[in-house]
Number of protein chains: 2
Amino acid sequence: MANSPGKKLTLEQVARLAGVSRATVSRVVNNPASVSPEYRARVEKVIADTGYQPNLAARSLASRRSGIIGLIIPSVTEFVFADPYYPILIEGISRACNLHDLTLTLFLFNSQDDQERLYRRALGTGLLDGVIVTADKLVDPLIPELIARQIPAVYVGRPPDSSQTSYVDVDNVSGAYVATSHLIRLGYERVATITGPMDSTAGIDRRAGYIKALQERGRKVDENLIVEGDFSLDSGYAAMRQLLLHRPDAVFAASDTMAFGAIRAIREAGLRVPDDVAIIGFDDLPPAMRFDPPLTTIRQPVRRNGMLAVEVLLELLEMGPHPPRHLILTTELVIRSTCGGILESGPGGSPRQQPVEGSFSDQRS
Amino acid sequence: MANSPGKKLTLEQVARLAGVSRATVSRVVNNPASVSPEYRARVEKVIADTGYQPNLAARSLASRRSGIIGLIIPSVTEFVFADPYYPILIEGISRACNLHDLTLTLFLFNSQDDQERLYRRALGTGLLDGVIVTADKLVDPLIPELIARQIPAVYVGRPPDSSQTSYVDVDNVSGAYVATSHLIRLGYERVATITGPMDSTAGIDRRAGYIKALQERGRKVDENLIVEGDFSLDSGYAAMRQLLLHRPDAVFAASDTMAFGAIRAIREAGLRVPDDVAIIGFDDLPPAMRFDPPLTTIRQPVRRNGMLAVEVLLELLEMGPHPPRHLILTTELVIRSTCGGILESGPGGSPRQQPVEGSFSDQRS
DNA sequence: CTTTTTTCTGAGAGCGCTCTATGAAAAACC
DNA sequence: GGTTTTTCATAGAGCGCTCTCAGAAAAAAG
């Protein structure tokens, strides 16, 4: 009896059934505290009996709040879903949405041509309360658009210009630094890296962390040991083949998926991991643990990132844009089997990172 | 100049700027043919100059059409994204949405508790023009709900009761039949199967295809050679370990992911694929090709399925529910390296399936 | 017991758009 | 040239909800 009215019930009818005015029903729905107990009970009974649910379009038109947020992933889908990263991010976002009774809309584009229409659809119709955008590209036409239209937005990953944009990111520089330091500490001499795309901030930051670690240890940076990938398996494979020409004994791959590709290339060259070449990844998505051999990597809290993005967006929605929020989560070194772990407990304290998954620093810029 | 009006433009204002009535602007937006060329040009110019875009909430309230559809995946997300199946399905759906200028909302639930609230949110607010639902579970409280509320819906995968429900599916029985027949034809004697969950139609149908193939060849069905999995890697691994007790020489796994788990179990037992145990999967998602050794499997057009689901939904939206539509796509045997392919060209014609990816049968029930 | 303050409900004006009914102008017909 | 059709823009009534404002009733104060 709680539902299935042939025709949809309106506020008006509920009001009539309860013998009150429309405004009162609206109030019990949106702010029960403002209605006297008797009236509230009366209305609530009718709502329970009829299974009344407000019409979102009408509510949204009148209140300019829809409870709908958008997730915009400005990359072509084939690329997007080649990696478990995005599904897990989506899972996190969706979880937080469920927690807050938000509805999630998804804007993926399948070809570059979709982009313009998609953005119009997402941003122009005024339906979305706000958006979460993944910072995939260094050149992002979306940022000025979002600012001009004054649409609350939170980036996942550091956007190219963060002066007016809130974001949630992991500390990529430090993660890469830790990864590279780990390799150096284990005694490897020729530590190479397969970077992410140089048109993404994540790619740039992780490369910077690699170089920082090298320099701090007084190693010189050899450009031959730096090859650019695009986070995909194939690019990891190709990059590794190129790297092999220069005989690295350890490699920091800027994503797990590229690490898998690299391992394949290493094996095809008749070499072994980690005996001949050690390798460390970045991400620690589920396949890393299951891979054979299990991958040593830098864990980033992707799901958590997604959830926090929603929280920050909600904050923006309530408090207005004000100073943009920047949340940086820490990463964690996860030692498994691809770096040859024997030497790892050197003198002078454990090199093992503290798991600090829950913590994060909150810095405003 | 095409956008960034500080305050959002309304139809009203566009009408004023163009010196026409609101109704006229509305008509050029929705049905340009019904407006005389001069007026149309005048209005279109203003729209182009101002970058006007109609407010979705208002439009949806007045016309009862939002251009938004929902994708409901009635499984817990951790499970959902453990497999590349869903991301690829989403990609297909999203592609078709872009093609038709539809907006996609995503309803995932992260715990069983979400379910009720999620369904209310998805179905009760009247915002969605229709929904696509994945037929994951045999017991689906959604179907009666959808019928009662008269919400246009298309299932991906055969729903438990299809008498009133449209769906798009692949021919699971025939796919499993082909897979099993392939194994038999190659000369394997003890052909086992790792089934999908028995509370899903896909699991049931693929099991049925396996049994049908066995029976048609006069093989007797040995219950010891049938173990139930849940499409996950771990379940494939566990199922295979159990199967190994009964010395199968070939296995049909009802999903690629389970096949990967099974292969791991086989190797851990000191056996080789395909020399000691042949294995064939189902899905042919990207990892199948990249796996070492590349997996022989049954290809199902997942992306295409997603796109067609949208097309069918659109049809429903335009034509009304009428007789439910049932679209069954065919599968295709993809021979790679896990079945020992040498014997495959037996006498009496090639056992290789015709690739028929593009075709599908359209049967109404 | 009257006045002031507080608490709540109801009336009513939108939110921005669609769509039917209406009527004016243009085209077609006799 | 007058009448009937056809074409096409406009007026205006909603769609279902929120929210401000005013006023009635109840509580507090004098």
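Letters A, B, ... are given to chains in the order of the sequence lines, protein chains preceding strands, and every chain is numbered from 1.
- The residue A/Val29 sits apart from the nucleic acid: no heavy atom pair falls under 4.0 Å.
- Summarising the geometry, the separation between CZ on B/Arg65 and P on C/dG16 is reported as 24 Å, rounded to the nearest angstrom.
- Rounded to whole angstrom, the span from the CD atom of B/Glu12 across to the P atom of C/dC15 amounts to 9 Å.
- Here the side chain of B/Ser21 is nearest to one of C/dG10, D/dA9, D/dC17, namely D/dA9.
- Atom CZ in A/Arg16 sits roughly 20 Å away from atom P in C/dT9 (whole-Å rounding).
- Within the nucleic acid shown, B/Ser34 comes within 4.0 Å of sugar-phosphate atoms alone, with no base atom in reach, counting heavy atoms only.
- One finds no salt bridge joining A/Glu38 and A/Arg42 here, because no Lys/Arg side-chain nitrogen approaches an Asp/Glu carboxylate oxygen to under 4.0 Å.
- Applying the 4.0 Å criterion to OP1 and OP2 of D/dA9, one finds that B/Ser36 has a side-chain N or O inside that range.
- For B/Thr10, counting side-chain heavy atoms from C-beta on, the closest listed nucleotide (D/dC19, D/dA11, C/dC17) is C/dC17.
- Atom P of nucleotide D/dG16 and atom CD of A/Gln13 are separated by 8 Å, given to the nearest angstrom.
- Ionic pairing of B/Glu116 and B/Arg120 is not present here: no N-O contact between side-chain nitrogen and carboxylate oxygen is shorter than 4.0 angstrom.
- Taking atom CG of B/Leu11 as the reference point, atom C1' of C/dT18 lies 9 Å away to the nearest angstrom.
- Looking at the side chain of B/Asn55, the nearest of the listed nucleotides C/dG12, C/dC17, C/dT9 is C/dC17.
- Following rounding to the nearest Å, B/Arg22 (CZ) and C/dT18 (C1') show an atom-to-atom distance of 9 Å.
- In terms of phosphate contacts, A/Tyr52 brings a side-chain nitrogen or oxygen within less than 4.0 Å of OP1 or OP2 of D/dC17.
- Nearer the 5' end of DNA chain D, as judged by each residue's closest nucleotide, is the contact made by B/Ala23, out of B/Ser63 and B/Ala23.
- Between the side chains of A/Ser21 and A/Thr24, at least one donor N or O lies within less than 3.5 Å of an accepting N or O.
- Applying the 3.5 Å distance criterion, the base of D/dT18 shares no donor-acceptor pair with the side chain of A/Arg64.
- D/dC17 atom C1' lies 13 Å from atom CD1 of A/Ile47, rounded to whole Å.
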Kindly determine whether A/Arg121 and B/Thr103 satisfy side-chain hydrogen bond (donor to acceptor under 3.5 Å, both in side chains), including the steps that lead there.
-> CA-CA 8 Å; A/Arg121 190 144 53 72; B/Thr103 297; 2.8 Å; yes
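- Out of D/dC19, C/dG10, C/dC15, the shortest distance to the side chain of A/Leu61 is found at C/dC15.
- Put simply, B/Arg59 has no side-chain N or O that comes within less than 4.0 Å of OP1 or OP2 on C/dG16.
- In terms of polar N and O atoms assigned as donor or acceptor, the side chain of A/Arg27 never comes within less than 3.5 Å of the base of D/dT18 in a complementary pairing.
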Does the side chain to side chain contact (heavy atoms under 4.5 Å, CB included) test come out yes or no for B/Asp169 and B/Leu329, once each step is laid out?
-> CA-CA 6 Å; B/Asp169 198 6; B/Leu329 307 208; over 6 Å; no
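- When the nucleotides C/dT9, D/dA11, D/dT18 are ranked by their closest atom to the side chain of A/Ser26, D/dT18 comes out on top.
- Considering all non-hydrogen atoms of both residues, B/Asp136 and B/Pro74 come closest at OD2-CD, 3.7 Å.
- In this structure, the nucleotide among D/dG12, C/dT18, C/dC15 sitting nearest to the side chain of A/Ala62 is C/dC15.
- Atom CD in A/Glu38 sits roughly 10 Å away from atom P in C/dC8 (whole-Å rounding).
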